[in-house]
Amino acid sequence: MNPSSDTPTHRRLISVQGRRRHRPHHSTHATAFAQAGRAVPVFGTTHADYFFGEIPVTRKMTPKEIADAYEWRRVT
């Protein structure tokens with residue numbers, strides 16, 4: 001069995017947050033919207049309390065960005 005393609009992301013999250021604070025970062029529904037390249041619409045009042053409008057989806061990463069271990073790059 002091969003490791004998950006998310007292993008580098010999980011390693012990065014754990015290194016930053018510590019194992020005891022690690023939380024799942026996937027939502028089945030949000031993942032479906034992201035894979036479809038669609039923003040997540042407002043579905044209820046709880047969502048609207050925290051987000052004003054749709055939650056946008058980021059652009060697709062380039063093959064170079066993926067190959068460059070993007071999880072470990074410092075965001076400025």
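Owing to the predicted nature of the structure, the values given are computational and were not obtained by experimental measurement.
Evaluation of the salt bridge (Lys or Arg N to Asp or Glu O under 4.0 Å) rule for Glu65 yields Arg59 as partners, not counting sequence neighbours. Shown here are the side chain to side chain contact (heavy atoms under 4.5 Å, CB included) partners of Ile55, two or more places apart in sequence or in another chain: Val40, His47, Phe51. With sequence neighbours excluded, no residue forms a salt bridge (Lys or Arg N to Asp or Glu O under 4.0 Å) with Lys60.
Among all heavy-atom pairs drawn from Met61 and Ile66, the shortest one is CB-CG1, 3.9 Å. Listed here is the closest heavy atom pair of Ala39 and Phe33: O-CD2, 3.5 Å.
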